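Each chain gets a letter, A, B and so on, in the order the sequences are listed, and its residues count up from 1. Since we're looking at a predicted model, the values are computed, not measured.
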Number of protein chains: 2
Amino acid sequence: MKLTTKGRYAVLALTELALAKENSLVKITEIAVRQNISSTYLEQILLLLKNSDLIIGVRGPNGGYKLSTSPENIMISDIVNIVEGRMEAKGCVSKSGSCTGVSGRCLTHDLWDELSRHIELFLGQISLKDIIAGNVLGRSSPPKVLELK
Amino acid sequence: MKLTTKGRYAVLALTELALAKENSLVKITEIAVRQNISSTYLEQILLLLKNSDLIIGVRGPNGGYKLSTSPENIMISDIVNIVEGRMEAKGCVSKSGSCTGVSGRCLTHDLWDELSRHIELFLGQISLKDIIAGNVLGRSSPPKVLELK
DNA sequence: GTATTTCTTGACAAAATTACTCGGAAAATA
DNA sequence: TATTTTCCGAGTAATTTTGTCAAGAAATAC
Ligand code: FES
Ligand code: FES
């Protein structure tokens, strides 16, 4: 998986939008200043999210951004997938070229595959609403269940 | 989290060691050739694992590496943590400096924290033995449990 | 002891990725 | 028209990842 500041900025920015009053517009610079992020960098990121229709941009004076749907419908995995590019379990560089080849999977292939799936599952369960509600902890499956398995 | 080829090489190399006959030594070059990895690069990686006492290096003719303990006692999280450096949920760059500051946690803090914990938990449940046994799939907690929650 | 094999160590260089900047265009408002 | 804001493409700087090199140390075989 890949998780850089880009992804974190994106989630942070969208929490700000989620926090704003319904249908009100938030400017890039507002977010950038408040979060101490480069505003031109943030532009790039929000543009990606806008092109994927996760947010809506309005130009002109008093313009800005807003979420295209309500916070509970936007999952963190959506956001991260868009800005970081699809999480690829690129896999190993076995003799037979790329990992995707069906023929020669190495022993660790399933491991990384499963890890990716696991992460995606986790982030796919948490919405922007959960975040602004502080409803994140305890979301992970309880360890005891797995120990018993 | 951080997961680069370094971590994947490390796990791959250690599966090779786990696959070898008990107490037999495997040379760096053997692994490097078989997996098509730069042998000098692999040196670096195995050195880290050796300095953390996960593996044992024996010099001289017919030398090589072997696991310091049995495969079921070595968890993937151990390996990754060593070579990639401890997975840090570095967090955001809020106004008040670093994320670690107790004072100003942003809303996303818990999210990344929990994600890290989740990943570590997952990789901490899978041993080298599981990998060579192909016993990785189905390790993740079943989705339905979480849906019910 | 000498030669050979193999790990050990540290410093260095190439390549790739990430993070960020810049200059301007397009749309909306006033 | 002038101003504000998003949109867009390209380019640069910084950092990290990946890999190389050269020299040394320990063990073994002869
Ligand atoms: S990771 Fe090795 S074949 Fe896919
Ligand atoms: S991630 Fe924002 S304060 Fe820790």
Please test A:Ile79 against A:Leu128 for side chain to side chain contact (heavy atoms under 4.5 Å, CB included), starting from the C-alpha separation and ending with a verdict. CA-CA 10 Å; A:Ile79 304 171; A:Leu128 278 182; 4.0 Å; yes

Report the C-alpha separation of A:Arg34 and A:Glu16 in whole Å, then their side-chain angles, then the decisive distance to 0.1 Å, and conclude whether the salt bridge (charged side-chain N to carboxylate O under 4.0 Å, His left out) test is met. CA-CA 10 Å; A:Arg34 192 158 34 222; A:Glu16 293 253 349; 2.7 Å; yes

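Contacts with DNA chain C (heavy atom under 4.0 Å) in residues 40-56 of chain B: B:Glu43, B:Gln44, B:Leu47, B:Lys50, B:Asn51, listed by number.
Atom pair B:Tyr65:OH and D:dA27:P shows a separation of 14 Å (rounding to whole Å applied). D:dT16 atom P lies 17 Å from atom NZ of A:Lys6, rounded to whole Å. Separating the CD1 atom of B:Ile37 from the P atom of D:dG19 is a distance of 9 Å, rounded to the nearest angstrom. For B:Leu3 and D:dT16, the CG to C1' distance is 15 Å, given to the nearest whole Å. Following rounding to the nearest Å, A:Lys66 (NZ) and D:dT6 (P) show an atom-to-atom distance of 14 Å. In this entry the distance linking CG of A:Leu25 with C1' of C:dA28 reads 12 Å, nearest Å. A straight line from CD1 of A:Ile28 to P of D:dC8 spans 12 Å, rounded to a whole angstrom. At whole-Å resolution of the value, CZ in A:Arg59 and C1' in C:dA27 are 5 Å apart.
The phosphate of D:dT5 has OP1 or OP2 within less than 4.0 Å of a side-chain N or O from A:Lys27. Residue A:Tyr9 places at least one side-chain N or O closer than 4.0 Å to OP1 or OP2 of C:dC20. Distances shorter than 4.0 Å separate some side-chain N or O of B:Ser38 from OP1 or OP2 on D:dT20.
Using a 4.0 Å heavy-atom cutoff across all strands shown, B:Gly63 reaches sugar-phosphate atoms only and no base atom. Across all strands shown, A:Thr5 has heavy atoms under 4.0 Å from sugar-phosphate atoms exclusively, and none from any base.
A side-chain donor-acceptor contact under 3.5 Å links A:Asn73 and A:Thr69. Remark: the A:Gln125 side chain and the A:Asp130 side chain contain no N/O donor-acceptor pair separated by less than 3.5 Å.
Taking 4.0 Å as the cut-off between side-chain N and carboxylate O, B:Arg117 and B:Glu120 do not count as a salt-bridged pair.
Using cut-offs of 30° and 60° for the angle between ring planes, the B:Tyr41 and B:Tyr9 rings count as perpendicular.
Using modelled atom types, no side-chain atom of B:Asn81 and backbone atom of B:Asp78 make a donor-acceptor pair closer than 3.5 Å.
Checking D:dT17, C:dC20, D:dG19 against every side-chain atom of B:Thr4, the shortest atom distance belongs to D:dT17.
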